[in-house]
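All remarks here apply to the structure that follows.
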Amino acid sequence: MPNLALSPAEVARLPLFQSARARRMLMPEDGADHARTIADTVRDAWLTTNGGAGIEVAIGTTAILAILPVIDPDAAALAGRIAALSPATVTELLDRAWQRLWWQQPDIVDRARPLRAWLDAPQAWQQHGALVAAQTCIRTGLLELASDHERAVSGDVLGRLLQQLRGHADKQSRGEFHTPAGVTDFMAEVFDVAGTVTDWSIGEPAAGSGAMWRAIARHMVTAGEDPAKKCWIGAEIDPLAAAVLAANSVIWRLGPDVLIAAADALATRDSGLGRAAEERAASFARRDAALVLVREATGRPGHP
């Protein structure tokens with residue numbers, strides 16, 4: 001496979017890596033178009049570099065880079081430094097970013113494990129592919145898109161990337177068909193969730209990567225409402241799609257009250273939500289136990 005990764009010297013010479021202004025000048029005016037451009041460009045780079053192998057590396061890299069501006073508002077200013085990292089160092093950065101998110105939302109990171117499991121012992125081709133994906137995300141303005149809440153909920157970068165990287169036959173065998181964004185946006189306007197009481201819950205029995213969630217969140221943001229004030233509940237039978245849904249819940253800033261079941265909602269009595277609630281409680285228990293150890297070891301109240 002060809003080597004598409006740019007060297008630090010090449011990164012330093014290209015304005016798209018060094019200047020947020022240069023990236024913004026090339027960003028499509030419409031957020032949905034921008035999301036499609038990012039997903040399609042990452043897809044092309046990944047297929048050229050690795051064919052159809054290891055799609056979780058491409059999606060997982062894109063996911064945590066899109067999450068970076070959520071957990072660190074200054075992340076976009078580090079674009080050039082991130083793009084100039086070595087393959088081994090960029091995967092270390094990705095792993096640490098997932099770890100940082102784990103301290104805040106352990107249940108979401110545990111549900112997203114299919115996107116990050118490869119980081120436990122990354123192989124050389126995965127590290128190289130992650131660098132290519134990261135550089136592609138940066139030069140196409142992913143950090144800028146994710147930094148802007150209204151722009152971030154305009155499209156689904158991860159969902160489109162998942163669709164693009166999975167073969168048509170594979171999607172058919174899973175019964176995986178995604179509702180067009182135009183349909184979900186129209187449905188969100190009809191439901192008018194922004195006009196309901198603040199404790200209203202949004203449920204989705206076949207959530208996929210979150211098409212309906214995104215549409216509702218976009219409608220709320222446009223109406224000046226905060227999606228984090230809602231309770232988001234979803235079930236998705238495909239573990240990788242459920243992992244994407246978990247990552248999207250952070251990118252779209254849906255808040256801490258998110259429950260995702262990796263289960264067949266039609267074949268499970270409670271749509272798998274009972275087990276999902278137990279898994280979420282266990283995630284927070286592990287996090288809290290780790291916090292106790294940190295406090296005992298350092299004498300500090302916070303996480304590392």
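Residues: numbered from 1 along the sequence shown. Model, not experiment: these values are computed from the prediction.
The pair R96-E92 meets the salt-bridge criterion, since a charged nitrogen lies less than 4.0 angstrom from a carboxylate oxygen. Salt bridge status for K230 with E225: absent, with no side-chain N to carboxylate O gap under 4.0 Å. Using a cutoff of 4.0 Å between basic side-chain nitrogens and carboxylate oxygens, R36 and D156 are not scored as salt-bridged. Classification of R100 and D95 as a salt-bridged pair fails, no side-chain N sitting under 4.0 Å from a carboxylate O. Of the charged side-chain nitrogens involved, at least one lies within less than 4.0 Å of a carboxylate oxygen, so that D110 and R286 count as a salt-bridged pair. Contact check on D226 versus R253 returns no salt bridge, with no Lys/Arg side-chain nitrogen under 4.0 Å from an Asp/Glu carboxylate oxygen.
In this structure, the separation between OG on S209 and CG on L240 is 10.5 Å, given to the nearest 0.5 Å. T37 OG1 to M27 CE: the interatomic distance, rounded to the nearest 0.5 Å, is 10.5 Å. Here the CD atom belonging to Q104 is positioned 10.5 Å from the CD1 atom belonging to I67, to the nearest 0.5 angstrom. Of the inter-residue distances, the one linking Q99 atom CD with I64 atom CD1 reads 10.5 Å to the nearest 0.5 angstrom.
With L4 as the partner, the side-chain contact (heavy atoms from CB on, under 4.5 Å) test is satisfied by one option alone out of L131, N50, V132: V132. For the side-chain contact (heavy atoms from CB on, under 4.5 Å) criterion with C137, the lone passing option out of V42, L145, T41 is V42.
Under the 4.5 Å side-chain criterion, counting only non-hydrogen atoms from C-beta, V250 is in contact with Q105. Put simply, the side chain of E144 does not reach to within 4.5 Å of the side chain of R151, judged on heavy atoms. Under the 4.5 Å side-chain criterion, counting only non-hydrogen atoms from C-beta, T136 is not in contact with W46.
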Self-check item: Candidate pair L94 and W118, rule side chain to side chain contact (heavy atoms under 4.5 Å, CB included), full reasoning
Solution: CA-CA 11 Å; L94 299 176; W118 62 276; 4.1 Å; yes
Practice problem: Give the C-alpha distance, both sets of side-chain angles, the deciding distance and a yes or no for side chain to side chain contact (heavy atoms under 4.5 Å, CB included) between S154 and R218. | Solution: CA-CA 6 Å; S154 294; R218 181 186 186 186; 4.1 Å; yes
Quiz prompt | Test log, rule salt bridge (Lys or Arg N to Asp or Glu O under 4.0 Å), inputs R113 and D120 | solution = CA-CA 10 Å; R113 179 160 179 75; D120 292 342; 2.6 Å; yes
Exercise. Check the pair S271 / T268 against side chain to side chain donor-acceptor pair (under 3.5 Å), numbers first and verdict last.
Key: CA-CA 5 Å; S271 299; T268 310; over 6 Å; no
Practice problem: With ring-ring contact (aromatic ring centres under 6.0 Å, His included) as the test, would you mind laying out the steps for W213 and W232 before giving the verdict? | Solution: CA-CA 8 Å; W213 282 14; W232 302 83; 5.7 Å; yes
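Across all their heavy atoms, A265 and P205 have their closest contact at CB-O, 3.1 Å. Nearest heavy atoms, P114 versus R111: CD-O, 3.5 Å. Between L165 and R43 the shortest heavy-atom distance is CD2-CG, 3.9 Å. Q135 and L6 make their closest contact through OE1-N, 2.9 Å (heavy atoms, listed as atom of the first residue, atom of the second, distance).
With hydrophobic clusters built from ILVMFWY side chains whose heavy atoms lie under 4.5 angstrom apart, L259 does not share a cluster with I202.
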